[in-house]
S.K.: 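Submitted below is the structure of interest, expressed as structure tokens.
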Amino acid sequence: MTETRESEGGDVRERGESTHGGSNAQRRGAGRPRRRVLSRELILETALRMIDEQGEAGAGMRAVAHALGVRPSSLYNHVASRSDLIAGVRELISDRIDVECFEQMPWDRALERWADSYRAAFAAHPPTIALLATTPLTAASRTSLMYDAVVSALVRAGWPEARALSVIVAVESFLLGAALDAAAAADMLDPGPRADVPAFSAGYAARDRALAAAGERPADAAYRLGLTAMIAGLRIELSARSEADPALVDRGSGRGRGSRGFGDADPAASARPRR
């Protein structure tokens, strides 16, 4: 296995590589980079990989430095502290979550798209969930820009400012569990050959047959069911608020009281006189 050592300035260089050319340089082959320059991006990507491999223990400065073949002190030229390292890992993941949908779609459909990308981003790195879910945002975190985009869209749709963040956290709580479920074995709930749980066993077998026919994974089916129910409930709440206060309309897309998304009531109903 190729080993690495640190050169002056914190660059990562293969152990045994000559800084003056020679046989080692010739063996490397023409066109191959001589070194990887230590950067914040490289450090954060390495930290994410280490967390995936080792869990929270991989999020330490020493662990990341060892993986890069540099002294821990070299990391501080790019990362201020362990807290900054974890904040940067959070940004790597949150940057992969789609927020442009909130500028292109009605709030409920955008929330569904956002949820899909959120779940996928965390499902790709399950060990980060427990770590990041309990770590406060830093003052300069790019992740705050994601939250700002979602809050802005919800408020435009008619959600009260005092309610918008609670909507997001409620959905996030479901999504983090769904991301863990996506990483679990498909047969995690298999009751086995037991005779004392007949309803559970029959329900498990029936679900397996239905999912096999649909070509769907258990985690995906449960996620879609839960998300559909959650968004349907949020629509009902917003509709009730709009009925109570007709001034609540979607200033961004024109959706508000009487607007329709999938699963909404027939628009003819809005034309009926109120009692």
S.K.: Looking at CG of Leu227 and CG of Asp116, how far apart are the two atoms once the value is rounded to the nearest 0.5 Å?
M.R.: 6.5 Å

S.K.: Examine distances only and state if a side-chain atom of Ser141 and a backbone atom of Thr138 form a donor-acceptor pair shorter than 3.5 Å.
M.R.: no

S.K.: Find out whether Ile51 and Glu56 are in side-chain contact, i.e. whether some heavy atom of one side chain is under 4.5 Å from a heavy atom of the other.
M.R.: no

S.K.: Quick one about His125 and Arg96 (side-chain donor to acceptor, distance below 3.5 Å, no hydrogens or angles considered), yes or no?
M.R.: yes

S.K.: Ile93 vs Leu48, test: side-chain contact (heavy atoms from CB on, under 4.5 Å). Steps then yes/no.
M.R.: CA-CA 9 Å; Ile93 295 176; Leu48 179 56; 4.3 Å; yes

S.K.: Distance-only, no hydrogens or angles: does the Arg90 side chain make a donor-acceptor pair with backbone N or O of Leu132 under 3.5 Å?
M.R.: yes

S.K.: Is it true that Glu237 and Arg241 make a salt bridge, defined as a side-chain N closer than 4.0 Å to a carboxylate O?
M.R.: yes

S.K.: Out of curiosity, Thr46 OG1 to Glu53 CD, how far, rounded to the nearest 0.5 Å?
M.R.: 10.0 Å

S.K.: Any idea which heavy atoms bring Ala153 and Phe102 closest together, and the distance?
M.R.: CB-CD2, 3.4 Å

S.K.: How long is the gap from CD on Glu112 to SG on Cys101, to the nearest 0.5 Å?
M.R.: 10.0 Å

S.K.: Can you check whether Val70's main-chain N or O pairs, donor with acceptor, with Ser74's side chain at less than 3.5 Å?
M.R.: no

S.K.: Which pair of heavy atoms, one from Gly58 and one from Ala63, lies closest together, and at what distance?
M.R.: O-CB, 4.1 Å

S.K.: Where do Leu154 and Ala164 come nearest, in terms of heavy atoms and distance?
M.R.: CD1-O, 3.7 Å

S.K.: Evaluate the criterion side-chain contact (heavy atoms from CB on, under 4.5 Å) for residue pair Val79 and Arg40; output intermediate values, then yes/no.
M.R.: CA-CA 7 Å; Val79 179; Arg40 181 177 176 85; 4.0 Å; yes

S.K.: Do Leu137 and Ile129 belong together in a cluster built from hydrophobic side chains that touch within less than 4.5 Å?
M.R.: yes

S.K.: When clusters are formed by joining ILVMFWY residues with side-chain heavy atoms under 4.5 Å apart, either directly or through shared neighbours, do Leu165 and Trp159 land in the same one?
M.R.: yes

S.K.: Extract all donor-acceptor atom pairs below 3.5 Å that involve side chains of residues 167-182 and protein atoms in other chains or at least two apart in sequence.
M.R.:
residue, atom, partner, partner atom, Å
Glu172, OE1, Tyr147, OH, 3.4
Glu172, OE2, Tyr118, OH, 2.8
Glu172, OE2, Tyr147, OH, 2.5
Ser173, OG, Val169, O, 2.9

S.K.: Are any of the side-chain heavy atoms of Glu41 and Leu44 separated by less than 4.5 Å?
M.R.: no

S.K.: For residues Ile43 and Leu38, report the shortest heavy-atom separation together with the two atoms involved.
M.R.: CG1-CD1, 3.9 Å

S.K.: Can you tell me if Ser117 uses its side chain to pair, donor with acceptor, with the backbone of Ile97 under 3.5 Å?
M.R.: no

S.K.: Assess whether a salt bridge exists between Asp148 and Arg142, defined as any Lys/Arg side-chain N lying under 4.0 Å from an Asp/Glu carboxylate O.
M.R.: no

S.K.: With a 3.5 Å distance limit and no angle check, can you tell me whether Ser144 reaches the backbone of Ala140 through a side-chain donor-acceptor pair?
M.R.: no

S.K.: Ion pair present between Arg113 and Glu100, side-chain N to carboxylate O less than 4.0 angstrom?
M.R.: no

S.K.: Which atoms form the tightest heavy-atom contact between Ile86 and Ala59, and what is the distance?
M.R.: CG1-CB, 4.4 Å

S.K.: Before giving the answer on side-chain contact (heavy atoms from CB on, under 4.5 Å), spell out for Leu111 and Leu234 the whole-Å C-alpha distance, their side-chain angles and the decisive distance to 0.1 Å.
M.R.: CA-CA 11 Å; Leu111 194 63; Leu234 291 173; 3.9 Å; yes

S.K.: Kindly compute the distance separating CG (Asp95) from CG (Leu145), expressed to the nearest 0.5 Å.
M.R.: 9.0 Å

S.K.: Does a salt bridge link Glu216 with Arg224, judged by any charged N lying under 4.0 Å from a carboxylate O?
M.R.: no

S.K.: State the CZ-CH2 distance between Arg119 and Trp114, to the nearest 0.5 angstrom.
M.R.: 14.0 Å

S.K.: Could you pull out the closest heavy-atom pair between Pro136 and Thr134, with the gap in Å?
M.R.: CD-O, 3.7 Å

S.K.: Using a 3.5 Å cut-off and no angle test, enumerate the donor-acceptor pairs between side-chain atoms of residues 199-212 and protein atoms at least two apart in sequence or in another chain.
M.R.:
residue, atom, partner, partner atom, Å
Ser201, OG, Val197, O, 3.1

S.K.: Would Val155 end up clustered with Val99 when hydrophobic side chains under 4.5 Å apart are linked, directly or stepwise?
M.R.: yes

